[in-house]
Number of protein chains: 2
Amino acid sequence: MVDQLLVNQNRTMIDKFSEVKVESPSDMIIRQIRSLISSGELKPGDKLPPERRLAEKFGVGRSQVRDAIKKLEFYGILKTHPQSGSVVSGIGIVALEGLITDVLQIEEHDFRSLVETRILLEKQTASLAAQRRTDDDIVHLTNALRAYEDKTKRGEPAVEEDLLFHIKIAEVGKNNVLKSLMMIITPDIVVNFNKYKVCNDSNVNKSLKEHQAILDHIVNQDPVKAAMAMELHLRDVLEFSKSMKSE
Amino acid sequence: MVDQLLVNQNRTMIDKFSEVKVESPSDMIIRQIRSLISSGELKPGDKLPPERRLAEKFGVGRSQVRDAIKKLEFYGILKTHPQSGSVVSGIGIVALEGLITDVLQIEEHDFRSLVETRILLEKQTASLAAQRRTDDDIVHLTNALRAYEDKTKRGEPAVEEDLLFHIKIAEVGKNNVLKSLMMIITPDIVVNFNKYKVCNDSNVNKSLKEHQAILDHIVNQDPVKAAMAMELHLRDVLEFSKSMKSE
DNA sequence: AACCAATAATTGGTCGACCAAATATACCAA
DNA sequence: TTGGTATATTTGGTCGACCAATTATTGGTT
């Protein structure tokens with residue numbers, strides 16, 4: 001009650017500090033765990049204190065600690081064994097420092113980096129697909145391209161089918177990690193696609209031909225040409241995005 | 001009570017089905033949400049039913065639903081607005097299908113895929129680093145290499161310093177996404193490093209020279225040679241790992 | 001009828017309590 | 001002393017209840 005009054009009285013002063021409260025609670029916990037590690041209290045390889053103790057030490061509920069641990073586990077920094085405890089991953093303390101700070105800023109993907117990386121990944125998937133494709137794979141790829149073609153011919157937006165074709169290529173490449181990484185950056189790309197309206201009508205025809213060319217090279221098992229066709233395709237997208245961005 | 005008795009009576013029969021229960025509860029929820037989407041009950045862009053309703057519908061607690069939603073949010077498939085609801089991301093329903101099934105299997109990183117992808121990423125980071133390095137960057141890289149050298153000269157294991165050097169190169173490349181992706185796969189690599197004892201004494205000398213070569217090419221701003229040196233370096237690791245694995 | 005304020009219902013976030021599995025401890029027998 | 005078993009404790013997983021913010025509803029005023 002009294003606290004509430006004080007808050008209202010100091011509203012203008014509170015506003016000046018509000019900017020530091022943008023970081024979410026779980027991020028704060030992550031930062032605290034990081035400090036535990038860098039201060040030497042937590043060496044890689046040994047067990048994390050139990051969630052209850054951490055919650056008490058940080059003065060928060062156990063839920064938030066669990067959230068933080070889950071996030072860290074997601075990025076491979078921790079490994080949680082049920083009914084036993086969480087263990088700091090084998091990676092060294094020095095590298096950990098850099099890792100964790102990066103996790104907190106992992107969303108800051110600027111557009112240039114995004115497209116640049118996508119080109120890299122997709123060139124490789126195209127190359128691998130050309131090397132490792134089976135006859136079954138060709139059927140799947142053809143179907144995916146057909147679906148894309150049908151929708152564009154009807155004048156409908158086909159961003160989904162476009163991406164699906166690319167994902168199928170990644171599957172044919174038969175490299176789990178590569179595909180997973182593509183999966184991770186794909187949502188960001190879609191967001192930016194919609195933001196900059198990359199896929200308008202004037203581009204779909206060219207895009208369709210480029211897709212067909214990529215597929216042809218994969219069918220012919222020509223890794224180099226497949227990669228080049230993919231790069232050409234994506235390079236167009238990049239250039240177009242640049243022009244949109246400068247508007 | 002009665003159910004319990006039935007379960008005990010049918011223990012042998014239950015055992016036959018136990019194999020399907022290996023998937024974690026939250027994965028089951030993810031699968032269910034996916035079926036909700038593919039059945040058309042959930043179209044991209046509109047709000048997810050409230051957590052309580054989902055929990056009731058799936059016959060589980062709300063915690064598990066929250067876990068599933070958080071996992072999906074990690075991958076950008078959902079976006080949660082506090083006190084308002086979760087929204088299906090703009091990405092299309094078709095692509096979602098592929099995405100979600102992949103999320104469930106995203107941990108199956110086999111070793112070949114891992115090293116293959118690492119080579120790809122690191123070649124690019126080396127190339128970019130050679131293109132974009134500043135004078136300050138060189139100082140940092142040199143220090144990192146020095147730290148690695150010192151520790152190896154003393155005969156101590158220096159896996160951390162090794163990786164730190166690579167991470168520094170990624171930073172010099174100035175591509176957020178690329179660095180983030182390297183961060184993601186690095187823990188897996190370390191685990192496998194320790195498993196196969198890649199960095200033994202006979203290799204450290206060679207490794208050190210290769211690191212120096214990479215650094216030189218970055219200093220000379222020669223992207224092609226930097227990438228080649230990096231590939232050479234990592235290719236050795238791959239070959240060595242292969243031989244260890246076949247033991 | 002239109003608009004706005006006050007109130008009621010809904011919703012995700014948080015917390016504490018309970019559960020079952022895993023581990024540590026204590027105790028007894030050989 | 002040693003080995004194993006039974007018990008006690010610890011631990012992450014799960015659940016239901018409560019909280020604050022948001023949204024929907026309602027009622028009244030203009």
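All chains are named by letter (A, B, ...) in the order of the sequence lines, taking the proteins before the strands, and each is independently numbered beginning at 1.
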Calculate the interatomic distance between [X] atom [atom1] and [N] atom [atom2]; express it in whole Å.
X       : N      : atom1 : atom2 : value
B:Ile69 : C:dG12 : CD1   : C1'   : 9 Å
A:Lys70 : D:dT14 : NZ    : C1'   : 10 Å
A:Gln83 : D:dG12 : CD    : C1'   : 5 Å
B:Asp67 : D:dG12 : CG    : P     : 15 Å
A:Met28 : C:dG13 : CE    : P     : 16 Å
A:Arg62 : D:dC15 : CZ    : C1'   : 12 Å

Assess whether a salt bridge exists between [X] and [Y], defined as any Lys/Arg side-chain N lying under 4.0 Å from an Asp/Glu carboxylate O.
X        : Y        : answer
A:Arg53  : A:Glu56  : no
A:Lys174 : A:Asp137 : yes
A:Glu51  : A:Lys70  : no

*With A:Leu72 as reference, evaluate A:Leu78, A:Ile29, A:Leu48 under the side-chain contact (heavy atoms from CB on, under 4.5 Å) test and give the passing residue.*
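So, applying the side-chain contact (heavy atoms from CB on, under 4.5 Å) to A:Leu72 and each of A:Leu78, A:Ile29, A:Leu48, only A:Leu78 qualifies.
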*Checking side chain to side chain contact (heavy atoms under 4.5 Å, CB included) for the pair A:Leu120/B:Leu121: CA distance, chi angles, key distance, verdict?*
CA-CA 8 Å; A:Leu120 175 71; B:Leu121 294 183; 4.1 Å; yes
*Specify the residues of residues 50-60 of chain A, ordered by number, for which at least one heavy atom lies under 4.0 angstrom from an atom of DNA chain C.*
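Those residues are A:Arg52.
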_D:dT10 OP1/OP2 closer than 4.0 Å to side-chain N/O of A:Ser84_ =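 False: A:Ser84 side-chain N/O out of range (4.0 Å or more) of D:dT10 OP1/OP2.
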*asked:* Quick check on C:dC15: is either OP1 or OP2 less than 4.0 Å from any side-chain nitrogen or oxygen of A:Gln64?
replied: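 Result: yes.
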*Most 5' of B:Lys47 and B:Ser63 on DNA chain C, judged by nearest nucleotide*: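 Of the two residues, B:Lys47 wins.
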*So A:His211 and A:His166, would you call those rings parallel, tilted or perpendicular, with 30° and 60° as cut-offs?*
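Rings of A:His211 and A:His166: perpendicular, as their planes differ by over 60°.
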*Which nucleotide in the set D:dG13, C:dT14, D:dA21 lies at the smallest distance from any side-chain heavy atom of B:Arg66?*
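So the nucleotide nearest the side chain must be C:dT14.
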*Verify the distance criterion only: is there a donor paired with an acceptor across the side chains of A:His140 and A:Asp136 at less than 3.5 Å?*
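No, no side-chain donor-acceptor contact under 3.5 Å.
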*B:Ser113 versus A:Asn175, closest heavy-atom pair with distance*: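 Heavy atoms of B:Ser113 and A:Asn175 come nearest at CB-OD1, 3.1 Å.
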*asked:* At 10 degrees resolution, what angle do the end axes of the helix from C:dA1-D:dT30 to C:dA30-D:dT1 form when each is taken over five base pairs?
replied: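 Rounded to the nearest 10 degrees, the bend comes out at 10°.
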_B:Arg118 vs B:Glu116, test: side chain to side chain contact (heavy atoms under 4.5 Å, CB included). Steps then yes/no._
CA-CA 5 Å; B:Arg118 192 193 172 190; B:Glu116 197 172 77; over 6 Å; no
